[in-house]
Amino acid sequence: MLKSINNYLVQNHFRCSQADNIRSAQLYLDENEYDCIVLDITFPVGSGFDIVKRLKAAGKNCGILIISAKNSLDDRLTGLELGADDYLTKPFHLPELAARLHAIHRRRFFNGNDILTFDALTVNIQDKYVKTANGFVELTKKEFDLLLYFISNNEKVVTKQSIIDHLWGEQAAMTDNHDLIYVHIKNLRKKLVEKGCPDYISGVYGVGYRFSAKNNYISA
Amino acid sequence: MRLIVKYNWYTISTMIVVFILSIIGAFFLIKGALTRELDLSMLRVKMRIQRYVDENQKLPVINSLDDEKIGFRKISRSLNAEKFETVEQYISEQHKYHISRRLSYSIVLGNQPYIVSISCPLEGTRHMITAMFEITIITIALLILIILALNRSLMKKLWAPFYQAVNQLNGFSISDTNQLQLPETDIIEFKFLIDNIRQTTSNATEGYRILKEFTENASHEIQTPLAIISSQLDLLVQDQGLNGTQSEHLVIAYQALKRLSKLNQSLLLIAKIDNQQFNKISRIDLKDKVTHKIKEFNELWLSKKIDVRFDLSDAYIDANPELIDIMLNNLFSNSCKHNFLAGAANIELKSGALTVINTGKKESLDTTQIFNRFYKEENDASSSGLGLSIVKRICEQSGIQPHYNFCVDTNEHQFLLEW
């Protein structure tokens with residue numbers, strides 16, 4: 001689990017240290033400054049909550065994302081009250097984790113006010129608009145979220161299921177209808193191309209989509 | 001038959017038998033005593049006669065005013081023994097027969113033997129026996145009344161702990177964590193009963209708690225391997241060397257993984273509901289909530305071109321907001337999932353009732369099983385069969401009665417919730 005998270009995040013251009021127990025985690029945290037930590041609180045010995053408390057006590061400005069097997073509101077609230085930035089319940093999609101980490105990072109270090117640039121796109125997250133050299137791209141909320149999700153995982157394959165889970169959250173369980181995202185992706189693609197962007201989105205054998213500025217992926 | 005009736009039946013019938021026996025016994029004893037008394041008095045008369053005869057050498061004059069009747073009769077030869085007997089005698093004054101006691105013996109006066117008979121009526125004993133019967137009957141009646149009244153009040157008082165315990169047991173629910181409030185008593189039998197009830201119920205609750213804990217723990221434990229599989233697949237799918245067939249395998253693996261984790265989450269949710277982990281109750285504005293939900297689901301319905309109508313009026317319910325949210329999710333998504341393309345759905349909210357109607361399969365679902373776990377229509381692989389079971393649990397928890405109806409004419413499935 002630790003390895004695969006590390007693997008994916010490294011591929012996604014994060015720099016990561018791994019710790020598989022509380023003590024080594026504490027050591028890393030004492031020695032280095034991190035932008036964000038991903039904390040699994042499933043393990044019974046030495047609740048991960050203690051680390052959150054200690055980090056907050058040390059006054060470190062570091063984003064915290066808690067991963068837990070427990071999807072209970074109480075745990076979630078405890079985590080967030082202690083100062084965690086986000087809470088993710090197992091099982092989750094790695095692209096989702098990456099997107100959340102990007103979001104935390106943006107919130108923490110740019111007050112969410114940053115302008116994200118991706119290739120020809122300029123994305124203002126606060127005001128939720130997207131601009132290209134040819135002007136604003138009118139996107140619905142879902143399309144905007146979808147775009148942001150793609151940018152957070154650019155050059156990676158994101159599965160249809162992970163997109164559904166990301167866009168519809170809790171209600172995702174309510175549908176197995178993958179056509180739902182097809183419409184959104186089609187629209188997003190069309191709108192971006194209309195404004196003179198290259199077609200960033202390519203389908204991957206029915207598994208999902210890849211968002212990339214490089215054109216060396218063969219669309220399937 | 002109530003215990004007290006049975007108990008009374010036994011005590012009272014035994015009492016009546018004992019009384020009757022004692023009356024019979026008393027009758028004979030008293031009769032014997034009276035007879036002996038009479039016999040003695042007759043013997044005294046006999047001695048007086050003897051003395052008179054010895055002194056005067058003639059038979060005494062009989063005083064007819066006395067109760068004893070004395071008669072002398074000449075006989076040929078003297079008897080050698082005196083004889084007591086009970087006889088029926090005609091009493092001329094009263095013109096009727098009376099039972100009397102007679103003593104006959106013989107005396108000799110101037111070589112002439114006489115038979116002397118002294119008789120005395122047994123009048124007194126008869127009256128005595130009547131009186132005794134009356135006294136006994138009255139005593140029995142009084143005793144029965146007293147015992148009945150006493151038993152009734154005693155039973156009420158003595159059996160109070162029993163009824164309290166049984167009433168408590170009646171309200172016992174295995175999923176309820178509250179201990180039973182069993183009464184304290186110093187009656188050994190009830191103590192025994194109550195101790196056993198306490199033991200059994202706490203064993204049952206403990207067993208149930210362990211089972212629930214197991215379910216919850218198991219579900220939690222399953223989450224981590226699921227997360228591992230999911231992350232491994234997410235990594236695998238990044239591989240640029242994947243071909244079409246491999247991707248297909250991956251898609252299938254993803255789908256199975258999704259189903260498994262959905263199933264696990266549903267089971268976990270049921271365990272949590274059973275565990276009373278959703279006991280924070282607040283007043284929910286259902287109109288607001290349903291309106292919000294309809295907005296969320298609009299896109300889903302649209303994607304299947306389902307015509308959704310709704311008619312919402314103000315309604316409130318006191319329940320757990322999380323659970324109500326889940327319940328609405330399940331109902332609304334069913335109305336979409338089990339609907340056909342370009343079908344219809346109708347949502348109606350009134351005070352105390354929510355109805356979700358949707359077109360769908362042209363036959364009724366099995367009404368006896370529809371709310372059971374893992375109930376699903378055949379060849380429906382995508383559904384876990386837990387959705388409605390969760391709805392039912394939530395309804396139970398929130399004091400809602402769920403009903404299902406199928407309208408044959410319009411092929412409409414109707415879910416009605418009332419509270």
Side-chain angles (χ1 to χ4, degrees), chain A residues 1-5 7-8 11-12 40 42-43 67-74 88-98 142 155-162 164-165 167-184 204-208 210 216-218 220, chain B residues 216 219-240 242-248 250-251 254-255 257-262 264-266 268-269 272 277-278 280 293 296-297 299-300 302-304 322 325-326 329-330 332-334 336-337 382-383 387:
Chain A
M1 188 76 201
L2 185 62
K3 250 190 192 162
S4 51
I5 289 177
N7 206 329
Y8 189 83
Q11 284 181 25
N12 223 324
D40 191 332
T42 311
F43 302 103
I67 298 173
S68 170
K70 284 189 183 170
N71 183 21
S72 88
L73 194 65
D74 285 344
L88 203 53
T89 312
K90 287 182 191 174
F92 52 85
H93 303 280
L94 290 178
E96 179 70 32
L97 176 68
K142 286 246 154 61
E155 291 186 35
K156 293 268 149 289
V157 176
V158 288
T159 59
K160 289 176 181 174
Q161 192 60 56
S162 92
I164 289 183
D165 287 349
L167 293 187
W168 281 276
E170 286 289 301
Q171 285 122 276
M174 309 304 153
T175 179
D176 295 319
N177 191 353
H178 287 193
D179 300 339
L180 209 56
I181 55 163
Y182 177 72
V183 178
H184 289 288
V204 183
Y205 293 120
V207 182
R210 192 196 307 269
N216 52 356
Y217 296 108
I218 306 127
Chain B
E216 206 180 330
S219 295
H220 278 148
E221 287 308 316
I222 291 170
Q223 304 277 67
T224 302
L226 281 178
I228 295 172
I229 298 171
S230 165
S231 59
Q232 294 301 326
L233 288 179
D234 282 344
L235 287 178
L236 193 57
V237 86
Q238 306 303 332
D239 193 336
Q240 288 175 36
L242 281 182
N243 63 30
T245 344
Q246 286 164 336
S247 298
E248 247 171 65
L250 271 177
V251 169
Y254 265 120
Q255 280 167 355
L257 180 70
K258 184 69 201 168
R259 271 186 65 196
L260 186 57
S261 63
K262 235 158 76 178
N264 194 41
Q265 271 163 18
S266 301
L268 191 56
L269 178 67
K272 277 184 184 169
Q277 285 179 18
F278 294 100
K280 281 179 200 142
K293 268 278 152 281
E296 284 180 7
F297 272 83
E299 200 177 358
L300 277 179
L302 267 177
S303 71
K304 267 182 115 170
E322 257 186 284
D325 196 73
I326 295 167
N329 273 347
N330 282 353
F332 287 7
S333 74
N334 275 350
C336 178
K337 220 190 301 187
S382 64
S383 127

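Order of the sequence lines sets the chain letters (A, B, ...), proteins ahead of strands, with each chain counted from 1.
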[atom2] on [Y] to [atom1] on [X], rounded to 0.5 Å:
| X | Y | atom1 | atom2 | result |
| --- | --- | --- | --- | --- |
| B/Leu235 | A/Lys156 | CG | NZ | 9.0 Å |
| A/Tyr205 | B/Leu250 | OH | CG | 12.0 Å |
| B/Gln238 | A/Asn12 | CD | CG | 8.5 Å |

Discussion item. Which heavy atom of A/Met1 sits nearest to which heavy atom of B/Thr224, and what is that distance?
Written reply: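 Scanning both residues, the minimum pair turns out to be SD-O, 4.5 Å.
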Discussion item. So which atom in B/Gln240 and which in A/Arg210 form the shortest heavy-atom distance, rounded to 0.1 Å?
Written reply: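 Heavy atoms only, the tightest pair is CG-NH2, 3.9 Å.
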Discussion item. Check this for me, if you would: do B/Lys258 and A/Asp165 make a salt bridge, where the nitrogen-to-carboxylate-oxygen distance has to be below 4.0 angstrom?
Written reply: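 Yes, this pair counts.
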Discussion item. At a 4.5 Å cut-off on heavy atoms, which part of B/Gln246 comes close to chain A: side chain, backbone, both, or neither?
Written reply: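 Neither part, no heavy atoms under 4.5 Å.
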Practice prompt. Between chain A and each of B/Gly244, B/Ser219, B/Pro225, count heavy-atom pairs under 4.5 Å; write down the option with the most.
Written response: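 Top count of heavy-atom pairs under 4.5 Å with chain A: B/Gly244.
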Worksheet entry | A/Ser4: partners by side-chain hydrogen bond (donor to acceptor under 3.5 Å, both in side chains), with sequence neighbours left out |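 Partners of A/Ser4 by the side-chain hydrogen bond (donor to acceptor under 3.5 Å, both in side chains) criterion, ordered by chain and then number, come out as B/Ser231.
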Discussion item. Does any part of the side chain of A/Pro91, heavy atoms only, come nearer than 4.5 Å to the side chain of B/Ile229, both counted from C-beta?
Written reply: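 Heavy-atom side-chain distance check fails, nothing below 4.5 Å.
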Practice prompt. Measure the shortest side-chain to side-chain distance between A/Lys160 and B/Tyr254 over non-hydrogen atoms and say whether it is less than 4.5 angstrom.
Written response: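 Result no, sub-4.5 Å side-chain heavy-atom pair not found.
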Practice prompt. Give, as side chain, backbone, both or neither, the part of A/Lys142 having an atom under 4.5 angstrom from any heavy atom of chain B.
Written response: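 Only the side chain of A/Lys142 comes within 4.5 Å of chain B.
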Discussion item. Exactly one of B/Leu233, B/Val237, B/Asp234 should register a side chain to side chain contact (heavy atoms under 4.5 Å, CB included) with A/Leu94. Which one does?
Written reply: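 So the option named by the test is B/Asp234.
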